[in-house]
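Everything on this sheet refers to the single structure shown next.
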Amino acid sequence: MKYLITVAMVLLPTTVLAGKIEAEACAASLSPSAKQIYAATAPNITPTSNLRQLVTEQTRALVRSGKVSRTDARPNAQAAGRCLQQLKT
């Protein structure tokens, strides 16, 4: 049992780090607007987060502030969401 717990404790940070690396690589290929949405949302992501709600809130805030155009908001939020999903793993 101790061995199993030790293995889990060693592998857990590696899994989280791998998800972050994959998400960052994904975000590198995003459009500038999608990158803004990603950057605004990523710090708020936890394994139990409602990703759709967080992305929607952050995207609306960026649209209100004029940083993302309203017409570009939805497709860029969806693209950012695909990258952000990898942070939850």
Side-chain angles (χ1 to χ4, degrees):
M1 183 69 171
K2 271 185 164 179
Y3 178 73
L4 181 61
I5 292 172
T6 303
V7 169
M9 290 176 66
V10 169
L11 293 179
L12 182 61
T14 306
T15 304
V16 171
L17 182 60
K20 183 173 182 172
I21 291 170
E22 290 172 356
E24 295 286 330
C26 177
S29 67
L30 294 173
S31 70
S33 293
K35 284 181 183 178
Q36 287 184 323
I37 295 167
Y38 177 91
T41 309
N44 303 313
I45 301 294
T46 66
T48 59
S49 294
N50 181 330
L51 187 58
R52 183 177 182 151
Q53 180 181 0
L54 285 174
V55 171
T56 300
E57 289 170 0
Q58 294 301 321
T59 302
R60 284 182 180 158
L62 289 168
V63 169
R64 276 188 238 117
S65 69
K67 294 179 180 177
V68 174
S69 75
R70 189 172 184 179
T71 56
D72 291 340
R74 182 179 296 244
N76 285 302
Q78 291 170 338
R82 285 188 288 275
C83 295
L84 290 162
Q85 181 64 42
Q86 296 176 29
L87 291 175
K88 290 187 70 167
T89 57

- Query: Donor-acceptor pair, Thr41 side chain versus Tyr38 backbone, under 3.5 Å?
  - Reply: no

- OG of Ser69 to CG of Asn76: how many Å apart, nearest 0.5 Å? 7.5 Å

- For Ala40 and Leu62, the nearest pair of non-hydrogen atoms, with its separation, is CB-CD1, 4.2 Å

- How would you list, by chain and number, every residue that makes a side-chain contact (heavy atoms from CB on, under 4.5 Å) with Arg70, sequence neighbours excluded? Val63

- Item | Residue pair Ala34 / Ala79: nearest heavy atoms and the distance that separates them | CB-CB, 4.4 Å

- Message: With a sphere of 6.0 Å drawn around NZ of Lys88, does it hold more than 12 non-hydrogen atoms of other residues, nucleotides or ligands?
- Response: yes

- One should read off an interatomic distance between Leu51 CG and Leu84 CG, to the nearest 0.5 angstrom, of 5.5 Å

- Note on the structure: Separation between CD (Glu57) and CD (Gln53), nearest 0.5 Å, reads 4.5 Å

- Task: To the nearest 0.5 Å, tell me how far Ile37 CD1 sits from Thr56 OG1.
- Result: 9.5 Å

- Message: Assess the residue pair Ser49 and Asn44 against the criterion (side chain to side chain contact (heavy atoms under 4.5 Å, CB included)); give the C-alpha distance rounded to whole Å, side-chain angles, the decisive distance to 0.1 Å, and a yes or no.
- Response: CA-CA 8 Å; Ser49 294; Asn44 303 313; over 6 Å; no

- Message: To the closest 0.5 Å, what do you measure between CD (Gln86) and CD (Glu24)?
- Response: 10.5 Å

- Query: Which value, rounded to the nearest 0.5 Å, describes the distance between Gln78 atom CD and Thr59 atom OG1?
  - Reply: 10.0 Å

